[in-house]
Amino acid sequence: MLSEQERREIEAEFPHYPTRQALSIDAMRIVQKHRGWVSDEALDDIGELLGLSRSDLDGMAAFYNLIFRKPVGKHVIYLCDSVSCWIMGCPQLSDHLTARLGTQLGERSADGQFTCLPIVCLGACDHAPVMMIDDDLHLDLEPAKLDAILERYR
Ligand code: FES
């Protein structure tokens, strides 16, 4: 069931979209902001409000990789794997990060603190390799710097 707050925030967006379908991604983002991820049951509740089916919403979520359909860590790490970052060492950083967290890309760390996801260019190619943790951009990464940054989020 949507909370009163979630429902209010979604309904406040109605005037800004030509159709309820057009609002669906933002509706899922609103629910995710409050819950951390979007469950099947949450899709049903959003669908009821917007007049859409779970499969309609699930299909849209599948094309938008920032809607999390399973629980994620307290902090989400977005590691850029586009060309500039790739050339500047993203694969080594990815290996270092997954070893450090004891998990694979896309999975939540055992302590529940982090989920690391690959993402396309973050627009800071001149400071590659680059990642975001939540809303914070981190530039010119290397393994030692990455370790120090992670400590700040523990
Ligand atoms: S390729 Fe990584 S920020 Fe552009």
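All heavy atoms count here, side chains included; hydrogens, waters and symmetry mates do not. Counting starts at 1 for both ligands and their atoms, in listed order.
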Atom 2 (Fe) of ligand 1: protein N, O or S atoms that are less than 2.8 Å away, sorted by chain:
C80 SG, C85 SG
Residues in ring pair (Phe, Tyr, Trp, His ring centres under 6.0 Å) contact with Y153, at least two apart in sequence or another chain:
H75, H138
Say whether M132 and L79 are linked into one hydrophobic cluster, either directly or through other cluster members, by side-chain heavy-atom distances under 4.5 angstrom.
no
Rounded to the nearest 0.5 Å, how far apart are OG of S24 and CZ of R29?
12.0 Å
Check for a donor-acceptor pair, side chain of K70 on one end and backbone N or O of E107 on the other, with a separation under 3.5 Å.
no
Nearest 0.5 Å, what's the NE2-CG distance between H96 and L101?
9.0 Å
Transitive ILVMFWY side-chain link L66 to W37, under 4.5 Å:
yes
